[in-house]
Asks: 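Following this message is one structure expressed as structure tokens.
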Amino acid sequence: MQQSFDLFFASSNRHKYQEAKKILDSFGIKLGFFKFDLEEIQSNSLKNIASKKAKDAFSKCKKPVIIEDDGLFINSLDGFPGPYSSYVFKTIGNTGILNLLKNNRKAKFVSIISYCDKKILQSFDAKLDGTISHLQKGKGWGYDPIFIPKNTRKTFAEMNNKNELSHRYKALKKFSNWYLHRQEYNDQ
Ligand code: ITT
């Protein structure tokens, strides 16, 4: 039986989709997966990258779509890897990041969710402060084994409630609030 979806999540990264699907399910929105290698422009602004990705995704998917652009910003590295997080993970990885850090381990995860359909392009952002651990802990994808959210002691990879507090959760909550009430917003 074919499932019907409210909108699609365009990404090359299945982990991001799986988390987004769970989160949006909890807000009553059914999210399909449009697996796609989105072209990423070189820019210091996650928002510019996200808007471009969303337009690109809609032109391919032809259905209401969201994309997500994330970045891990490390204070002592002046915000590196930031917009280059995907490339840096694939190259130096978590071991490389840990080798670069000394005492100041403050960092933040940023998520931008961009929605695009025939008429609308709208973005929602959120951040989550935290620190980078001294060692990799737990089994998780991406930077999960090294990111410890503020006011917790565990890395994302060690938690069982990541989807209730992550940067992704916060941005998708803002998005859902708008998406579920967009007719009212449009009428204002
Ligand atoms: P897209 O096809 O959707 O662009 P991507 O993997 O390239 O997938 P991003 O550029 O948005 O995604 O994300 C940059 C990287 O940040 C990503 O590849 C992961 O390594 C990492 N990342 C993002 N969110 C994460 C999370 O919740 N936990 C761990 N790592 C995360």
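First listed ligand is number 1; within each ligand, the first listed atom is number 1. The figures that follow rest on heavy atoms only: side chains count, while hydrogens, waters and symmetry mates do not. Numbers here are sequence positions counted from 1.
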Asks: E19 and W141: side chain to side chain donor-acceptor pair (under 3.5 Å), yes or no, with the steps?
Replies: CA-CA 11 Å; E19 291 186 8; W141 61 279; 2.9 Å; yes

Asks: For atom 15 (C) of ligand 1, state which one of S86, A20, S12 supplies the nearest heavy atom.
Replies: S86

Asks: Could you tell me whether a side-chain N or O of Y143 sits under 3.5 Å from a main-chain N or O of S85, the two making a donor and an acceptor?
Replies: yes

Asks: Closer than 4.0 Å to some heavy atom of K53 - which atoms of ligand 1 meet that?
Replies: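 This gives 1 (P), 4 (O) as the contact atoms.
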
Asks: Any chance you could measure L7, atom CG, to F175, atom CZ, to the nearest 0.5 Å?
Replies: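 Those atoms lie 5.0 Å apart.
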
Asks: Does a salt bridge link D129 with K127, judged by any charged N lying under 4.0 Å from a carboxylate O?
Replies: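 Counted as a salt bridge, because a side-chain N and a carboxylate O are separated by less than 4.0 Å.
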
Asks: Who's closest to atom 11 (O) of ligand 1 heavy-atom-wise, of K16, R14, H15?
Replies: K16

Asks: Nearest protein heavy-atom contact for atom 27 (O) of ligand 1: which residue, which atom, what distance?
Replies: K162 NZ, 2.7 Å

Asks: Look at the side chain of K16 and the backbone N and O of E68, then say whether any donor-acceptor pair between them is shorter than 3.5 Å.
Replies: yes

Asks: Below 4.0 Å from ligand 1: does a non-hydrogen atom of F109 turn up there or not?
Replies: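 Yes, F109 has heavy atoms under 4.0 Å from ligand 1.
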
Asks: So if I count the atoms of ligand 1 from 1 in the order they appear, which ones are less than 4.0 Å from some heavy atom of G142?
Replies: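 Answer, ordered by atom number: 20 (O), 29 (C), 30 (N).
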
Asks: Mark yes when over 12 heavy atoms from residues, nucleotides or ligands other than N99 sit less than 6.0 Å from its CG; otherwise mark no.
Replies: yes

Asks: For ligand 1, which atoms have a heavy atom of H167 less than 4.0 angstrom away?
Replies: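 Reading through ligand 1 atom by atom, the close ones are 24 (N), 25 (C), 26 (C), 27 (O).
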
Asks: Can you list the atoms of ligand 1 that are under 4.0 Å from a heavy atom of F89?
Replies: 20 (O)

Asks: Provide the number and element of each atom of ligand 1 under 4.0 Å from a heavy atom of N13.
Replies: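 Result: 6 (O), 8 (O).
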
Asks: Do we get R14 above Y17's six-membered ring, with its NZ or CZ under 6.0 Å from the centre and within 45° of the axis?
Replies: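 Checked: cation-pi criterion not met.
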
Asks: Out of F36, Y143, Y17, who is nearest to atom 30 (N) of ligand 1 when you count heavy atoms only?
Replies: Y143

Asks: Look at the side chain of S51 and the backbone N and O of N48, then say whether any donor-acceptor pair between them is shorter than 3.5 Å.
Replies: no

Asks: Assess whether atom OH of Y87 is packed by more than 12 heavy atoms of other residues, nucleotides or ligands within 6.0 Å.
Replies: no

Asks: Considering only non-hydrogen protein atoms, determine which one is nearest to atom 24 (N) of ligand 1 and report residue, atom name and distance to 0.1 Å.
Replies: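 For this ligand atom, the closest protein heavy atom is R168 NH2, 3.0 Å.
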
Asks: Going only through I, L, V, M, F, W and Y residues with side-chain contacts under 4.5 Å, is there a path from F89 to F80?
Replies: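 Yes, F89 connects to F80 through the hydrophobic network.
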
Asks: Of the listed options (F9, Y169, W141, Y87), which comes nearest to atom 22 (N) of ligand 1 when hydrogens are ignored and any heavy atom counts?
Replies: W141

Asks: Identify, by atom number and element, the atoms of ligand 1 in contact range of D69, meaning under 4.0 Å from any of its heavy atoms.
Replies: 10 (O), 11 (O)

Asks: How far is atom 28 (N) of ligand 1 from the closest protein heavy atom, and which atom is that?
Replies: D144 OD1, 2.6 Å

Asks: With a cut-off of 4.0 Å, which atoms of ligand 1 are near a heavy atom of S11?
Replies: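 Going through ligand 1 atom by atom, the ones under 4.0 Å from S11 are 1 (P), 2 (O), 3 (O), 8 (O).
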
